[in-house]
Amino acid sequence: MIQIKNKNIVDTDQAWNTVYSRLEKDGLLTQQVHKRTSSRFLQIWIAAAVLLMIGSVSALYFINTDSSATKELVTLHNEKGAVTLVKTLEDGSIVYLADNTQLQYPEYFASEKREVALQGNAMFNVTGNRERPFLIETEQVQIEVIGTAFHVKNAGSNDFELGVESGKVKVTLKENGEFVYVTAGETVSMFAANSLKIKKTESLDPFSYYKNYKRFKDESLANILHVFNKENDSIFLQTTPSLEDRQLTVTFSGHSPEEVAELICLALNLKYEKENNMLLISD
């Protein structure tokens, strides 16, 4: 019994000495704490220090875990020859992807900015948030948005164009840092000399194209209705909370709000009724 007791004491002292050396090396010991002290105070002090170290490591782990989660990107690709693919991001911003176009975005945006990467052509309707600017990275330019609607032509080298339907957009050339502000009714283009030029928008056809022909893939009913309500301010589509998460894959081509409601009801075996300027979809 005595031998076992002494052995335990030796092992405990060795453990304390190991911890002490680590704390001394990291500069966590004060002059009042001595290596040979075996008082109960030292035991408690070391135990508290160890817990503090463990807590710090745990906090760092969770911070790193959270940081890694925000960096995980979702890749959305619309195949060549396909109809425009529409996606609503977690902040309510809407992206219309043309065919042969790819978008990378986080499932949840960071607290200080909303950043996506685009390859190809697309239209954006960005939800306004001055504290969290919306940044679009392309091969040659960075696009900074607060809240606006615009289309981007980004098909290849020296083939960039951006037209603004509403709001204001900042476009910056990555190579030389040149930037311009583009407002509603204006279009900016890039030339071979790596310079930007603004002109008056000549045609609204690109905006109409994205809105008239669109496809939703495994999208929630709430998000689908959100898109149509953004495009139409005269008749609103609404559904009950219990149906908002119902998913649907469907294509629309220039349909009126009433036709949209009817097609959704046929696909999901639902019904709708009109109340003033609202179409309510329900069970």
Side-chain angles (χ1 to χ4, degrees), residues 74-103 105 116 118-127 134 136 147-155 163-167 201 203-283:
V74 177
T75 299
L76 184 64
H77 180 74
N78 196 18
E79 298 177 356
K80 186 175 182 179
V83 175
T84 299
L85 181 61
V86 184
K87 178 66 181 179
T88 299
L89 306 180
E90 61 97 5
D91 68 327
S93 297
I94 303 169
V95 186
Y96 301 74
L97 294 184
D99 71 314
N100 198 29
T101 296
Q102 179 174 292
L103 181 77
Y105 61 94
V116 302
L118 175 68
Q119 295 178 6
N121 304 333
M123 187 178 84
F124 292 80
N125 192 327
V126 176
T127 300
F134 195 98
I136 304 171
T148 181
F150 56 96
H151 76 82
V152 181
K153 182 182 177 183
N154 180 47
V164 179
E165 183 180 36
S166 63
T201 300
S203 173
L204 298 179
D205 288 345
F207 300 106
S208 300
Y209 170 80
Y210 283 110
K211 294 178 182 179
N212 288 338
Y213 301 93
K214 49 184 174 285
R215 176 171 57 98
F216 299 88
K217 183 179 179 182
D218 297 326
E219 191 68 289
S220 70
L221 179 56
N223 284 343
I224 294 174
L225 301 186
H226 169 69
V227 171
F228 281 100
N229 289 335
K230 279 284 189 178
E231 297 175 356
N232 192 317
D233 57 3
S234 59
I235 298 180
F236 295 93
L237 294 161
Q238 199 168 6
T239 189
T240 57
S242 61
L243 297 175
E244 288 181 347
D245 293 331
R246 293 282 295 274
Q247 291 190 338
L248 187 63
T249 296
V250 62
T251 299
F252 296 99
S253 176
H255 293 95
S256 67
E258 288 86 355
E259 292 171 329
V260 169
E262 185 173 353
L263 288 173
I264 290 174
C265 289
L266 287 173
L268 298 178
N269 193 25
L270 302 173
K271 62 181 181 180
Y272 78 93
E273 55 183 350
K274 186 174 183 179
E275 297 178 2
N276 299 322
N277 65 334
M278 181 184 70
L279 299 174
L280 178 62
I281 299 175
S282 59
D283 290 301

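Bear in mind that the values here come from a model prediction, so they are computed numbers and not experimental data.
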Not counting sequence neighbours, list each pair that qualifies as a side chain to side chain donor-acceptor pair (under 3.5 Å) and has a residue in residues 222-236.
Y96-E231, K214-E231, E219-N223, S220-N223, N232-S234
Would you check if V95 and Y105 make a side-chain contact, meaning some heavy-atom pair closer than 4.5 Å?
no
Heavy-atom nearest pair, S203 first then P206, reads O-CD, 3.7 Å
Is there a donor-acceptor pair under 3.5 Å between the side chain of S253 and the backbone N or O of Y213?
no
Any side-chain heavy atom of F150 sitting closer than 4.5 Å to one from V126?
yes
Separation between CG (L268) and CG (L243), nearest 0.5 Å, reads 8.0 Å
Contacts of Y210 that satisfy ring pair (Phe, Tyr, Trp, His ring centres under 6.0 Å) - sequence neighbours left out:
none
D99 meets the salt bridge (charged side-chain N to carboxylate O under 4.0 Å, His left out) criterion, sequence neighbours left out, with none
Nearest-0.5 Å distance, CG of residue L204 to CD of residue E165
7.5 Å
Candidate pair E258 and L279, rule side-chain contact (heavy atoms from CB on, under 4.5 Å), full reasoning
CA-CA 8 Å; E258 288 86 355; L279 299 174; 4.1 Å; yes
Of all heavy-atom pairs linking R246 and L270, the shortest is NH1-CD2, 4.3 Å
Do I264 and F228 come within less than 4.5 Å of each other through their side chains, counting heavy atoms only?
no
Of all heavy-atom pairs between L237 and L225, which one has the smallest distance, and what is that distance?
CB-CD2, 3.7 Å
Rounded to the nearest 0.5 Å, what separates atom CD in Q119 from atom CG in L97?
11.5 Å
Does any part of the side chain of L263, heavy atoms only, come nearer than 4.5 Å to the side chain of V250, both counted from C-beta?
no
Just by distance, do the side chain of T251 and the backbone of R215 share a donor-acceptor pair under 3.5 Å?
no
According to ring pair (Phe, Tyr, Trp, His ring centres under 6.0 Å), who are the partners of H255, at least two apart in sequence or on a separate chain?
F252
Measure across V164 and G167 and return the closest heavy-atom pair with its distance rounded to 0.1 Å.
CG1-O, 3.7 Å
Look up atom OG1 in T84 and atom CG in N212, then write down how far apart they are to the nearest 0.5 Å.
9.5 Å
Specify the closest pair of heavy atoms between F207 and G163, including all atoms of both residues, with the distance to one decimal.
CZ-O, 3.5 Å
Q102 versus T75: any side-chain heavy-atom pair under 4.5 Å?
yes
With sequence neighbours left out, the residues meeting salt bridge (charged side-chain N to carboxylate O under 4.0 Å, His left out) with E244 are none
Show me the pairs that pass side chain to side chain donor-acceptor pair (under 3.5 Å) and involve residues 266-283, at least two apart or across chains.
none
Hey, could you give me the CG/CG distance between N78 and N121, rounded to the nearest 0.5 Å?
11.0 Å
Please report the interatomic distance CD1(I224) to CG(L248), rounded to the nearest 0.5 Å.
4.5 Å
